[in-house]
Amino acid sequence: MTTSNASLKQWIDEVARRTQPSSVHWCTGSDEENDALIAELLASGGLIKLNEHTHPRCYLHRSHPSDVARVEHLTFVCTRSKEAAGPNNNWMSPDEAHRKVDALFEGAMRGRTMYVIPYCMGPIDSPYARCGVEVTDSAYVVVNMRLMTRMGTPALRRIEREDRFVKGLHSTGDLDPSRRFIMHFPEELSIKSIGSGYGGNALLGKKCHALRIASWQARDEGWLAEHMLIMGLQSPEGRTHYIAAAFPSACGKTNLAMLVPPESMPGWKVWTVGEDICWLHVGREGELRAINPEAGYFGVVPGTNRKTNRNAFDMIQHDTIFTNVALTADRQPWWEGLDGTPTVDWQGNPYRDENGPAAHANSRFTVSAKQNPSYSTLAEAPEGVPISAILFGGRRREVAPLIYETRNWTHGVLVGAGMASETTAAATGQVGVVRRDPMAMKPFCGYDFGAYWQHWLSFGSRARKLPRIFHVNWFRQDRNRRFLWPGFGENLRVLRWIVDRCEGKLEAQETPIGYVPRIEDLDLKGLSISRESLQALLAVDPLAWQTEVAAIGRYLDEFRSTVPQALRDELEQTAQGLESNNGELEQARFVARERHRAATPRTHT
Ligand code: OXD
Ligand code: MN
């Protein structure tokens, strides 16, 4: 097979000349093709078959131990001007970047098959969808891309019609981290990734295309490419609101998108449209419409069980590829949070307790979205779904209350821009450190954050029916480091308040940072939680918030002149609100001084 598209054909010929594969395979996406690839991977050890009886058609892939997460320090945005990439990205000039990686690609596929994967991000007949072609020498990447995207012949036909696609070149190379680069060329709509077989670095449709390149494309074309889940919330009366929510990697987007309502909230239903990426366009009525560009999930496994997320657990019992999980004696996949005992760890060694977790903290499942019991039929709708609310959130032990609503769109954009979260195992580096992660896009925005925020603000006039913007934090802890909120299915109580606010049904308490629920407005039926915990969850500590506002101000300053003045004005308004709440501020200062005094050991003089 080949193609009628001249520029695609020319590019593939060029790549083949440079990388020297032993053969070229154009992927059709058929079942037979997939079966043959799986058989090859089983024969080569690239996949290990799991217990067919308990986990039909499930496989385990073990990646190289040095290749288990995204590598932000080796990820570059290569634009002609450094300013365009912004201080939020590693930058290299396109000439230098091409020179560097092209040298590494020279002969890189010798003795290997080169796979050509045409794919479509979004429903194949959606005007909001965009296409790409990934060339790779990894059969593991092909079988994953088949689950994660609409891949094969129908995508190739669309590419031939449109004659516009993102070019993604990938080789696992020799997996040496010193020869690993993930390069993005947004001006050329192209990606070059070498030296890693890990999902976010190798499945180019996901972070590289659907976020870094697409965010650039979206600015040019007047839409938004975001790191957000999309869910539908159906009330017992049968009304459905769609919510898009941005949380950093491994902060529970998959769990929230597939939420199982608590028994004490009968009649509520949750529908999943997407769990990681959301493309937002302005619809005909001036509303924001969302599509999920992906067709599958590449989710974090540890912690997934029947209690935390029954839908996710059921979804991955068959036809799933696991990466870096442990095994039980009868070859079932195992990870922390499951019953049973592992016997082999994620690297294939006999498991010993003292060696730490048996599954890697960033071990993953890859599965088709169609296996999700709460999959929304509208996930396939070309026109997407209308969004009523946007949520921003992170993992914060302190400061951020369980939920607050922003004052207006501009304030909402500021809250997104000031988002912060504790880092997780999804990227290499230290875990648990608070870092600013605007709109959860720190690792994924393909251009300067200042310009990105300006683009967000422009929707204030582009879209007539804007969603309300909220901030949530499921992770607040008490002084003994215990979580104050139960999370998981109980988060529906917070979502219900959000929906009620969108419908204009509820008043709320106005604070300097936005609107906070009155406790009596939260649906707490069947939940055992003390009033004290609720007060702590909803508290806005003016002193802590003054520190937070100062930190956000310093962060914005890092982007210098590109930061929109409207965001600085909005921050100033929050600062003034905190300051004019003088009584409360004085009291908070007094309590803090007392606490400090009580905690300071007395010395004898
Ligand atoms: C992911 C991530 O894999 O954000 O979704 O790292
Ligand atoms: Mn993600």
Side-chain angles (χ1 to χ4, degrees), residues 61 63 67-75 88 121 140-141 144-145 147-149 170 182 184 191 193 196-215 224-231 244-258 272-279 290 292-304 309 312 316 320-325 335 359-367 369 372 391-395 416 419 421-431 435 437-446:
H61 171 76
S63 72
D67 186 31
V68 291
R70 285 182 291 97
V71 280
E72 293 177 12
H73 61 296
L74 303 174
T75 299
N88 44 305
M121 300 310 289
Y140 166 79
V141 166
N144 275 270
M145 282 291 282
L147 294 170
M148 296 301 298
T149 69
H170 168 256
I182 326 292
H184 302 76
I191 305 155
S193 164
S196 167
Y198 172 77
N201 306 324
L203 311 179
L204 301 186
K206 194 174 182 60
K207 305 300 186 182
C208 300
H209 176 164
L211 289 175
R212 297 196 190 95
I213 298 289
S215 58
L224 290 163
E226 297 301 321
H227 191 202
M228 290 176 171
L229 66 90
I230 311 160
M231 70 196 291
F247 307 139
S249 308
C251 285
K253 281 199 297 300
T254 309
N255 283 337
L256 189 66
M258 302 177 69
T272 317
V273 179
E275 51 77 75
D276 193 42
I277 301 180
C278 164
W279 286 357
N292 172 14
E294 299 188 283
Y297 309 151
F298 181 67
V300 176
V301 201
T304 307
N309 189 337
I316 58 178
T320 301
I321 298 172
F322 292 92
T323 299
N324 293 336
V325 296
W335 51 85
H360 189 274
N362 192 36
S363 51
R364 299 278 178 149
F365 56 76
T366 320
V367 71
N372 174 2
L391 271 53
F392 292 123
R395 204 178 261 277
M419 243 172 84
S421 192
E422 290 148 24
T423 50
T424 66
T428 51
Q430 218 184 334
V431 170
R435 77 163 180 183
D437 190 351
M439 281 83 170
M441 286 286 279
K442 165 78 188 72
F444 308 121
C445 184

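Note: hydrogens, waters and symmetry copies are ignored here, and every other heavy atom, side chains too, is used. In each ligand, atom 1 is the first atom listed, and ligand 1 is the first ligand listed.
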What is the name of the N/O/S atom in Asp276 that sits closest to the Mn ion (ligand 2)?
OD1
The Mn ion (ligand 2) as vertex, arms to NE2 of His227 and NZ of Lys207: angle to 10°?
90°
Over 60° means perpendicular and under 30° means parallel, so tell me whether His61 and Tyr140 are parallel, tilted or perpendicular.
parallel
Quiz item: cation-pi between Lys253 and Phe247, 6.0 Å / 45°:
no
Do the non-hydrogen side-chain atoms of Pro443 and Thr75 ever get within less than 4.5 Å of each other?
no
So, do His170 and Cys208 sit near enough that their side-chain heavy atoms are less than 4.5 Å apart?
no
Short side-chain donor-acceptor distance under 3.5 Å, Asn324 and Ser63
yes
Less than 3.5 Å apart, any donor N or O on the side chain of Asp67 or Ser196 sitting next to an acceptor on the other?
yes
What are the polar N/O contacts of ligand 1 with the protein below 3.5 Å, with distances?
from	atom 1	to	atom 2	distance (Å)
ligand 1	3 (O)	Arg364	NH1	2.9
ligand 1	3 (O)	Arg364	NH2	3.3
ligand 1	4 (O)	Lys207	NZ	3.0
ligand 1	4 (O)	His227	NE2	3.3
ligand 1	4 (O)	Ser249	OG	2.5
ligand 1	5 (O)	Lys207	NZ	3.0
ligand 1	5 (O)	Asp276	OD1	3.2
ligand 1	5 (O)	Asp276	OD2	3.1
ligand 1	6 (O)	Arg70	NE	2.9
ligand 1	6 (O)	Arg70	NH2	3.1
ligand 1	6 (O)	Ser249	OG	3.2

Looking at OH of Tyr198 and CD1 of Ile182, how far apart are the two atoms once the value is rounded to the nearest 0.5 Å?
11.5 Å
